[in-house]
Amino acid sequence: MAQTLELAFKYSMEDVLSRLALDPLNCVDLSNQTVKIPIDETIITIQSIGTLHEPKFMIIGLETDEQYERVLSIFHFNRSLEPIHQHFLGTNLHSLFLKFEGTPIITDFSLYGNIIKSIIHQQLNLSFAKTLTERFVNTFGRSKEGIWLHPAPEIIANLEVSTLREMQFSTRKAEYMIGISKAIAEGNLNLETLVSQSDDFILSELIKYRGIGPWTAESFLLFGLGRENLFPLADVGLQNSLKQLWNLDRKPMKSEIAPHLDSWSPYNSYAALYLWRNIE
DNA sequence: GACCAGGATTGCT
DNA sequence: AGCAATCATGGT
């Protein structure tokens, strides 16, 4: 079953696809402006057949209304970017929002995958983190219609630290990943039910677990749930982006960034996204 | 061969 | 409460 969708606000699918293509686990075809994504057990294809000013899409493979709603939510098709764009034109980030106009927050397809990915990315350069993520999914996940899916938490919960260690994960990362997978597998932690809670509640809940600090919890809110008002001050990528934007000879301290958050609020997540985008 | 990377924890003052 | 050491290893 296929259907078309037109948006009434500027939306850059070109930017979305090139950003998704940075992750080798995603199934992006830039020449056909297409991406395939897993929604539970169903593979959905989204094809861009419009432009920035007149965004239009073919959505192929839908089986239920719930899947359609998930697609709208993941790709930010269901809420306009216009108020956000207007908001930032009145801030010190206006040049970035002109440069990347129509760039939405895309949420990850799997909440568990989001946590795993964040733990892998902690303190590692992007390219090595990418290698580890790919190795992890290829080893423990499964492939469906050419798409690699994250393994079930139960599989990781039963691994030995040494198994991950052999795959060049640090002992600590291995402990973190197995620990959080156990909590999920045993039912102590249910990521899906956190969706209805406030940002602060989710932060405090996730940080209880070993291996999840402020950066990982904020990343879950931002890229897992698509919450709009997060700015991970601990992120070196954001620090480096601001260093470049503000022409500093060093990375800005958290105390130098914090005063700007009020002017970017309630859309701090977009400030972060556009800053990341500017140094990719 | 340092030093840094989409940090977090532990152990010390 | 706050700082330093520690972690593994690829990239620069």
Side-chain angles (χ1 to χ4, degrees), chain A residues 15 18-26 96 100 103 105-108 110-139 159-183 189 202-227 229-245 248-255 257-258 261 268-280:
Chain A
D15 186 278
S18 61
R19 191 147 38 98
L20 287 173
L22 295 176
D23 186 342
L25 294 177
N26 288 325
L96 289 185
F100 299 112
T103 297
I105 291 176
I106 303 298
T107 55
D108 289 328
S110 154
L111 294 181
Y112 174 64
N114 170 278
I115 295 283
I116 290 295
K117 186 174 163 186
S118 283
I119 291 177
I120 291 176
H121 275 253
Q122 287 171 3
Q123 176 59 17
L124 292 183
N125 62 73
L126 289 174
S127 83
F128 183 43
K130 209 179 287 184
T131 303
L132 285 180
T133 307
E134 203 169 8
R135 189 176 295 162
F136 175 82
V137 176
N138 289 349
T139 305
L159 293 180
E160 299 295 331
V161 169
S162 59
T163 307
L164 289 169
R165 187 66 196 83
E166 287 163 10
M167 297 166 66
Q168 292 183 292
F169 289 86
S170 67
T171 304
R172 282 191 193 164
K173 270 195 209 303
E175 289 169 356
Y176 297 165
M177 292 167 69
I178 292 170
I180 200 76
S181 299
K182 272 186 178 154
L189 174 61
I202 297 172
L203 284 175
S204 63
E205 200 62 23
L206 288 179
I207 286 173
K208 290 175 184 170
Y209 293 89
R210 190 162 173 270
I212 300 185
W215 180 86
T216 304
E218 286 175 349
S219 176
F220 177 82
L221 286 169
L222 210 171
F223 293 112
L225 301 182
R227 299 288 167 96
N229 207 19
L230 279 295
F231 195 95
L233 286 171
D235 187 279
V236 285
L238 293 178
Q239 293 168 12
N240 283 327
S241 186
L242 285 170
K243 171 188 171 187
Q244 178 187 311
L245 187 71
L248 306 174
D249 53 1
R250 52 168 178 76
K251 287 183 291 192
M253 294 189 300
K254 293 179 185 178
S255 57
I257 305 174
L261 299 184
N268 274 305
S269 300
Y270 292 90
L273 175 64
Y274 282 54
L275 283 165
W276 273 314
R277 203 71 190 106
N278 201 35
I279 55 166
E280 269 166 1

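We name chains A, B, ... by the order of the sequence lines, and we start the count at 1 in each one.
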Atom CE of A:Met167 to atom C1' of C:dG10: distance rounded to whole Å? 17 Å
Partner residues of A:Tyr270 under the side chain to side chain donor-acceptor pair (under 3.5 Å) criterion, sequence neighbours left out: A:His76, A:Glu228
Partner set under side chain to side chain donor-acceptor pair (under 3.5 Å) for A:Gln122, not counting sequence neighbours: A:Thr216
Mind checking whether A:Thr133 and A:Ile116 have side chains closer than 4.5 Å, heavy atoms only? no
Take atom P in B:dG6 and the same atom in C:dT6, then report the distance between them in whole Å. 23 Å
Integer angstrom distance from the C1' of B:dT9 to that of C:dG10: 23 Å
If you pin A:Thr131 and A:Ser170 to their nearest nucleotides in DNA chain C, which one's is more 5'? A:Ser170
Rounded to the nearest Å, what distance is computed from the CG atom of residue A:Leu164 to the C1' atom of nucleotide C:dA8? 13 Å
Partner residues of A:Asp15 under the side chain to side chain contact (heavy atoms under 4.5 Å, CB included) criterion, sequence neighbours left out: A:Ser12, A:Arg19, A:Phe100, A:Thr103, A:Arg277
Using a cut-off of strictly less than 4.0 Å, decide whether A:Arg135 has a side-chain nitrogen or oxygen near OP1 or OP2 of C:dT9. no
Enumerate, atom names and distances included, each donor-acceptor pair closer than 3.5 Å involving a side-chain atom of residues 231-240 of chain A, sequence neighbours excluded.
from, atom 1, to, atom 2, distance (Å)
A:Asp235, OD1, A:Gly237, N, 2.7
A:Asp235, OD1, A:Leu238, N, 2.9
A:Asp235, OD1, A:Trp276, NE1, 3.1
A:Asp235, OD2, A:Trp215, NE1, 2.8
A:Gln239, NE2, A:Leu233, O, 3.0
A:Asn240, ND2, A:Val236, O, 3.2

Would you say a side-chain N or O of A:Thr171 is under 4.0 Å from OP1 or OP2 of C:dA8? yes
Between protein and nucleotides 3-12 of chain B, map the contacts as a letter string: B base, S sugar-phosphate only, - none, heavy atoms under 4.0 Å, written 5' to 3'. --BBBBSS--
Rounded to the Å, how far apart are A:Glu166 CD and C:dT9 C1'? 17 Å
Once side chain to side chain donor-acceptor pair (under 3.5 Å) is applied, do any residues pair with A:Glu205, and if so which ones, sequence neighbours excluded? A:Lys208
